[in-house]
Amino acid sequence: MKQQWVGLLDCNNFFVSCERLFRPDLENKPVAVLSSNDGCIVARSQEIKDMEIPMGVPYFQVKDILKTNNAVVFSGNHRLYRTISKRVFATMETVQNPIEQYSVDEAFFYFFGTEEEARQQILMIKETVEKEVGVPVSVGISLSKTLAKVANEMNKKTTGLKLLDFEEWSQINLSYPLASIWGIGRNFSKRLREDGLISVSDFLAADPGRVRRLYGVVGERIRQELQGISVLSAKNRELKQSIMSSRSFGKETIALSVLEEAISYHVEQVSYDLRQAGACATKVAVFISPSRHGDFVLQSRYGERDFLAPISTTRDIGVIAIQLLRELYVTGVPYKKAGVRVSGIQPFAVQQLSLFTPVAKKIPDPLQSTIDVVNRRFKTGRIHQGFLEGARKYSAIANQQSPAYTTSWGELPVVKA
DNA sequence: TCTGGGGTCCTAGGACCC
DNA sequence: TCTGGGGTCCTAGGACCC
């Protein structure tokens, strides 16, 4: 009998697999990837997981263990990961279309067919991606997104393929912990536990009205998904809702000028991404915050401003972002992080002009387009706009980055026959 | 000494309106 | 003394995800 299936492809240990793609000698060796500033562990090979080093742990806490075990540690090389990610999904689309990309290393898909056809399909997807791109993936398929997640987890370490049907799920959910379900995090699972709900079957046995009342629409949706009713809909959005750029500084700063530089940098990033997406935005938000661990924790500031009309040029967004920053800034606070986010994103084509827009702007802006071309072409001596002075006093630390294998001619890997 | 960055969605509460 | 109720929109903040 044909039916609707929901599947999930997930790249195994994605950042590590990207590094291994260009360093096959690291196969079967412990490999970890760090966050910006070499702060935390954000990706672990299976060997690292087996050492029971958790995700997100501060690097300095496990540095010694890693060293003892001869682990290879990389600073994050996110440009590389993005290009590999694009290859994965472009390849996946040759055998499964459409797909719904969920994160840098995951995509959902919908498949209509018999159980046997679904099994063949997930095998085909896995084999195609692994052969064409070279990173290991696992594919799970079931009756809803939430159950596809469960399926995906099940055989990750073995075949990397799993079809989870209703009968099998009904058996295993008796002992399946709610806390491991996608969408149930630390706080939610604590509440559930306090209410006496531990396993999925506890939750499914509860009165639906009570679930709705106690846990809101979020709880209700999870309940349905767990029953095999797909309610987290397919949403193939053309554009993101928001685009953001933010970073912790290598060292704290109290200087407004340093923050202005940082904010200018982030404005450059988000407005460039915005233009690349063929879009403009109606809002910009600026945020600055001190360390999450010191005496100034409560001094985080956030401010948002609407534009008169949708814009995408670096200098227009920059002027407003800098104004915002000056309003938010408090003298004497040691800032550790700054960021910019644009939202109200819409395509160039369907701009809703404000009543008070003096003149419709010519979009895309010709000067801006020219600057983008120059900046894409030359790695050094790029044109900056606004407040960037060159010296990056706030720049992040990344001591162990791999080469730009895929995005810089000078760093292409060399193959020796 | 050293604790990431980029997203989405929901909710509570205030302002405002009729 | 008595002092509505319902709707919408916005914002700030929280929870969760990878």
Side-chain angles (χ1 to χ4, degrees), chain A residues 8-16 32-44 54-64 73-79 81-82 85 100-108 145-146 149 152-153 178-192 212 215-222 231-233 235 237 239-252 262 266 269-270 273 277 282-283 285 287 289-294 297-298 300-306 328 336-345 396-399:
Chain A
L8 173 69
L9 169 138
D10 176 290
C11 301
N12 305 342
N13 315 329
F14 184 56
F15 295 170
V16 167
V33 177
L34 305 177
S35 68
S36 117
N37 285 317
D38 293 346
C40 299
I41 307 277
V42 291
R44 304 159 297 156
M55 177 73 168
V57 73
Y59 178 43
F60 71 90
Q61 288 178 6
V62 292
K63 209 167 180 171
D64 293 340
V73 177
F74 291 95
S75 302
N77 186 347
H78 293 274
R79 259 226 273 283
Y81 310 149
R82 257 200 305 278
S85 169
E100 185 185 322
Q101 195 179 334
Y102 173 69
S103 71
V104 68
D105 69 338
E106 280 174 66
F108 287 104
K145 284 184 176 175
T146 306
K149 275 271 179 191
N152 196 284
E153 274 312 307
L178 272 176
S180 319
I181 293 295
W182 184 53
I184 299 181
R186 238 199 18 249
N187 289 274
F188 194 8
S189 68
K190 180 162 173 271
R191 278 175 60 201
L192 291 164
R212 175 63 232 245
Y215 313 116
V217 293
V218 176
E220 173 60 16
R221 278 206 284 257
I222 291 176
V231 291
L232 294 174
S233 55
K235 41 176 183 272
R237 246 199 278 274
L239 293 171
K240 290 178 190 164
Q241 309 276 98
S242 67
I243 294 174
M244 125 171 155
S245 174
S246 72
R247 201 124 311 167
S248 301
F249 309 143
K251 201 163 163 279
E252 295 171 340
H266 294 306
Q269 300 296 309
V270 296
D273 285 354
T282 62
K283 282 180 192 196
F287 44 95
S289 45
S291 162
R292 304 200 314 262
H293 308 280
V297 247
L298 300 177
S300 287
R301 291 290 175 271
Y302 163 90
E304 201 170 38
R305 189 86 86 227
D306 285 289
L328 298 172
K336 177 72 174 164
K337 183 176 177 178
V340 170
R341 180 173 68 222
V342 289
S343 54
I345 295 174
I397 298 160
N399 291 325

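Basis for what follows: all heavy atoms, side chains included, without hydrogens, waters or symmetry-related copies. Convention: sequence-line order gives letters A, B, ...; per-chain numbering from 1.
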> Nearest of dC18(C), dG6(B), dC9(B) to any side-chain atom of S246(A)?
Replying inline: dG6(B)
>> Quick check for you: to the nearest 0.5 Å, what is the distance between R341(A) atom CZ and K283(A) atom NZ?
In response: 9.5 Å
> Among the nucleotides dT8(B), dC17(C), dC9(B), which one has an atom lying closest to any side-chain atom of W182(A)?
Replying inline: dC17(C)
> Between atom NZ in K145(A) and atom C1' in dC16(C), what is the gap in whole Å?
Replying inline: 15 Å
>> Measure CZ/F249(A) against C1'/dC2(B) and give the value in whole Å, please.
In response: 17 Å
>> Considering every strand and a 4.0 Å limit on heavy-atom distances, what is the contact class for V217(A): base, sugar-phosphate, or nothing?
In response: sugar-phosphate
>> Is the shortest side-chain heavy-atom distance between K336(A) and H293(A) below 4.5 Å?
In response: no
>> Can you measure Q241(A) atom CD to dC16(C) atom P for me and round it to whole angstrom units?
In response: 21 Å
> Of the nucleotides dG4(B), dG6(B), dC16(C), which has the atom closest to the F188(A) side chain?
Replying inline: dC16(C)
>> Classify Q61(A) by what it touches in the nucleic acid, base, sugar-phosphate, or nothing, heavy-atom distance under 4.0 Å.
In response: nothing
> Nearest to the side chain of S245(A) - dT11(B), dG6(B), dT3(B)?
Replying inline: dG6(B)
> Counting side-chain heavy atoms from CB outward, which of dG4(B), dC9(B), dC2(B) is closest to C40(A)?
Replying inline: dG4(B)
> From dG7(B), dC18(C), dG4(B), pick the nucleotide closest to the side chain of S35(A)?
Replying inline: dG4(B)
>> Please name the nucleotide paired to dC18(C) by Watson-Crick or G-U wobble geometry with both distances under 3.5 Å, or report none.
In response: dG5(B)
> Closest to the Y102(A) side chain: dG4(B), dA12(C), dC18(C)?
Replying inline: dC18(C)
> Using 30° and 60° as the class limits, which term best fits the ring planes of F108(A) and W182(A): parallel, tilted or perpendicular?
Replying inline: tilted
> What's the OH-C1' distance between Y302(A) and dA12(C), to the nearest Å?
Replying inline: 8 Å
> Within less than 4.0 Å of OP1 or OP2 of dT1(B), is there a side-chain N or O belonging to K251(A)?
Replying inline: no
>> Need one value for R237(A): base, sugar-phosphate or nothing, where a base atom within 4.0 Å counts as base even if backbone is also close, heavy atoms only.
In response: sugar-phosphate
>> R247(A) and side chain to side chain contact (heavy atoms under 4.5 Å, CB included): which single residue from K337(A), Q269(A), H266(A) fits?
In response: H266(A)
>> Need one value for I184(A): base, sugar-phosphate or nothing, where a base atom within 4.0 Å counts as base even if backbone is also close, heavy atoms only.
In response: sugar-phosphate
> Does the side chain of E100(A) come within less than 4.5 Å of Y102(A)'s, by heavy atoms?
Replying inline: no
> Can you tell me how far C1' of dG6(B) sits from NE2 of H266(A), to the nearest Å?
Replying inline: 12 Å
>> I want to verify a distance call: between dG7(B), dT3(B), dC18(C), whose nearest atom is closest to the K149(A) side chain?
In response: dC18(C)
>> Mind checking if R186(A) touches a base, just sugar-phosphate, or nothing, with heavy atoms under 4.0 Å?
In response: sugar-phosphate
> Hey, is the side chain of S248(A) poking within less than 4.0 Å of OP1 or OP2 on dT3(B), counting only N and O atoms?
Replying inline: no
> Base, sugar-phosphate alone, or nothing: which one does I41(A) contact when heavy atoms must sit under 4.0 Å apart?
Replying inline: nothing
> For dG6(B), does either OP1 or OP2 sit under 4.0 Å from a side-chain N or O belonging to R247(A)?
Replying inline: yes
>> Please verify the inter-ring angle class for Y215(A) with F188(A); under 30° counts as parallel, over 60° as perpendicular, anything in between as tilted.
In response: tilted
> What is the distance from CD1 of I243(A) to C1' of dT8(B), rounded to the nearest Å?
Replying inline: 14 Å
>> Just to be sure I understand the rule, does K337(A) reach a base, reach only the sugar-phosphate, or reach nothing, if contact means heavy atoms closer than 4.0 Å?
In response: sugar-phosphate
> Under 4.0 angstrom, heavy atoms only, what part of the nucleic acid is D38(A) near: base, sugar-phosphate, or nothing?
Replying inline: nothing
> Base, sugar-phosphate alone, or nothing: which one does K283(A) contact when heavy atoms must sit under 4.0 Å apart?
Replying inline: sugar-phosphate
> Between dC2(B) and dC18(C), how far is it from one P atom to the other, in whole Å?
Replying inline: 29 Å
>> Just the rounded figure in Å: distance from C1' of dG5(B) to CZ of F14(A).
In response: 16 Å
>> Of the listed nucleotides (dA12(C), dG5(B), dG4(B)), which one gets closest to any side-chain atom of R292(A)?
In response: dG4(B)
>> Just the rounded figure in Å: distance from P of dG6(B) to NE2 of H78(A).
In response: 9 Å
>> Under 4.0 Å, counting only non-hydrogen atoms across every strand here, what does R221(A) touch: a base, just sugar-phosphate, or nothing?
In response: sugar-phosphate
>> Return the OG to CD1 distance between S189(A) and I184(A), rounded to the nearest 0.5 Å.
In response: 7.5 Å
> Got a second to check how far T146(A)'s OG1 is from L232(A)'s CG, nearest 0.5 Å?
Replying inline: 5.0 Å
>> Using heavy-atom distances to pick each residue's nearest nucleotide on DNA chain B, tell me which of H293(A) and G216(A) is more 5'.
In response: H293(A)
> Between dG5(B), dG6(B), dT3(B), which nucleotide gets closest to the side-chain atoms of S36(A)?
Replying inline: dG5(B)
>> dC2(B), OP1 or OP2 - any side-chain N/O from N37(A) closer than 4.0 Å?
In response: no
